[in-house]
Amino acid sequence: MTDTLSPLSRDAMQQELLSVVKSVKGQVLNAQNLYVAVDWKKPATPPPKTTALPARQDRQTFEELRREVAGCTQCALAKTRKNVVFGDGNLSARIVFVGEAPGADEDEQGLPFVGRAGQLLTNIIKAMGLERKDVYICNILKCRPPGNRNPQPDEIRLCEPYLKRQLQLIAPQIICALGSFAAKTLLKTETPITALRGRFQTYAGIKLMPTYHPAYLLRNPSAKKQVWEDVQLIMKEIETGERS
Ligand code: SF4
C-alpha cells in the first residue's frame with residue numbers, strides 16, 4: 001500500500017502516539033504506587049486482583065466506625081470532652097499501640113499521644129526503625145476523663161467495644177499495651193505491670209506485649225531499659241512473622 005501521508009501529518013501522528021504511550025505508562029506507575037501504599041503488609045506475595053475490593057471496604061467500615069464514635073454520647077465523658085480521640089495511624093499496621101485515655105493535649109487536638117509522653121512514644125517507634133505512619137495508636141477510652149483521673153469501670157465497659165472493632169479491622173500482628181491500666185484492662189487481670197511486661201500475652205487471638213507507659217518513663221527514666229527490651233521482643237516477633 002502506498003504511503004499517502006505527507007511528512008507533516010506523519011510527524012503529527014508520531015507525536016500523538018508518543019503522548020498516548022506516555023499517558024499509559026503514567027497510569028501504570030500510579031496504579032503500582034497505589035498498590036504499594038495500600039498493601040504494604042504483604043509485599044512478598046502479590047495478591048489476586050480481587051483483594052483490592054475488600055481492602056477498600058475495610059477502610060469504608062473503619063470510616064463508619066470513626067463516624068459512630070465521633071458522635072458517641074454513651075458515657076458521661078461526652079459532656080466534658082473537647083474532642084473524641086478515635087486513634088491515628090496506618091490501617092494496615094502490624095503493630096497497634098494501646099494507651100489508657102486521652103490527656104489534655106490529646107483532647108485539645110483530637111489525636112492520640114501528642115503531648116510529652118507522645119513525643120517519647122514517637123522516639124520509641126523511631127528507635128524501632130519505624131515512623132508513626134507505619135503503626136496505629138489509640139486508647140482504651142476515646143474521651144478524656146476530667147483531670148486525667150483513672151477511667152471508671154462503666155466507661156471502659158461502654159467504650160471497649162470500639163477498640164475491639166478497631167483491632168478486628170486492622171488485624172495487627174502485635175498489640176503493645178502501654179502502661180498498667182491498658183494491660184490490666186485488655187488482659188482482664190489484676191497482675192501488676194512489673195510482672196506482666198517482658199512476656200507476650202494474648203488478646204482476642206492477637207499477641208500482646210505489655211510495657212510501661214511513656215508517661216511513666218518521663219517520671220522514671222531508668223525504666224526505659226526495660227521498655228527497650230520489650231520493643232526488641234516485638235521487633236523480633238515481627239521479623240519471625242516476615243520469614244514464616
Ligand atoms: S469515652 Fe467512649 S463510650 Fe464514653 S462517650 Fe467517649 S466514645 Fe463514648
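As the structure is a prediction and not an experimental result, all values here were calculated from the model. For the numbers below, each heavy atom of this structure counts, side chains included, while hydrogens, waters and symmetry mates do not. Atoms within each ligand, like the ligands themselves, are counted from 1 in listed order. Residues: numbered from 1 along the sequence shown.
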Next on the checklist: Looking only at protein heavy atoms, which one is nearest to atom 2 (Fe) of ligand 1, and what is the separation?
Outcome noted: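 For atom 2 (Fe) of ligand 1, the nearest protein heavy atom is Cys159 SG, 2.3 Å.
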Any atoms of ligand 1 less than 4.0 Å from a non-hydrogen atom of [X]? List them with their elements.
{"X": "Lys142", "result": "7 (S)"}
{"X": "Cys72", "result": "3 (S), 5 (S), 7 (S), 8 (Fe)"}
{"X": "Arg81", "result": "5 (S), 6 (Fe)"}

Next on the checklist: Check for me whether the distance between the ring centres of His213 and Phe113 falls short of 6.0 Å.
Outcome noted: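 Ring-ring flag for His213/Phe113: true, centres closer than 6.0 Å.
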Taking [X] for the side chain and [Y] for the main chain, is one N or O donor matched with an acceptor at less than 3.5 Å?
{"X": "Glu106", "Y": "Val114", "result": "yes"}
{"X": "Asn83", "Y": "Asp107", "result": "yes"}
{"X": "Gln173", "Y": "Glu237", "result": "yes"}

Next on the checklist: If we set the cut-off at 4.0 Å for heavy atoms, which region of Glu155 has an atom near ligand 1: side chain, backbone, both, or neither?
Outcome noted: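 Neither part.
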Checklist entry - In Å, rounded to the nearest 0.5 Å, how long is the span from CG of Leu233 to CD of Glu229? => result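 Here the interatomic distance stands at 8.0 Å.
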Checklist entry - Can a donor-acceptor pair be found between the side chains of Thr122 and Arg132 at a distance below 3.5 Å? => result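 Distance-only check passes for Thr122 and Arg132.
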Checklist entry - So between Ala78, Pro151, Cys143, whose heavy atom ends up nearest atom 6 (Fe) of ligand 1? => result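 Closest candidate by heavy-atom distance is Cys143.
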Checklist entry - Of the backbone and side-chain N, O or S atoms of Cys75, does one lie nearer to atom 4 (Fe) of ligand 1 than 2.8 Å? => result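 Yes - counting backbone and side chain alike, Cys75 has an N, O or S atom under 2.8 Å.
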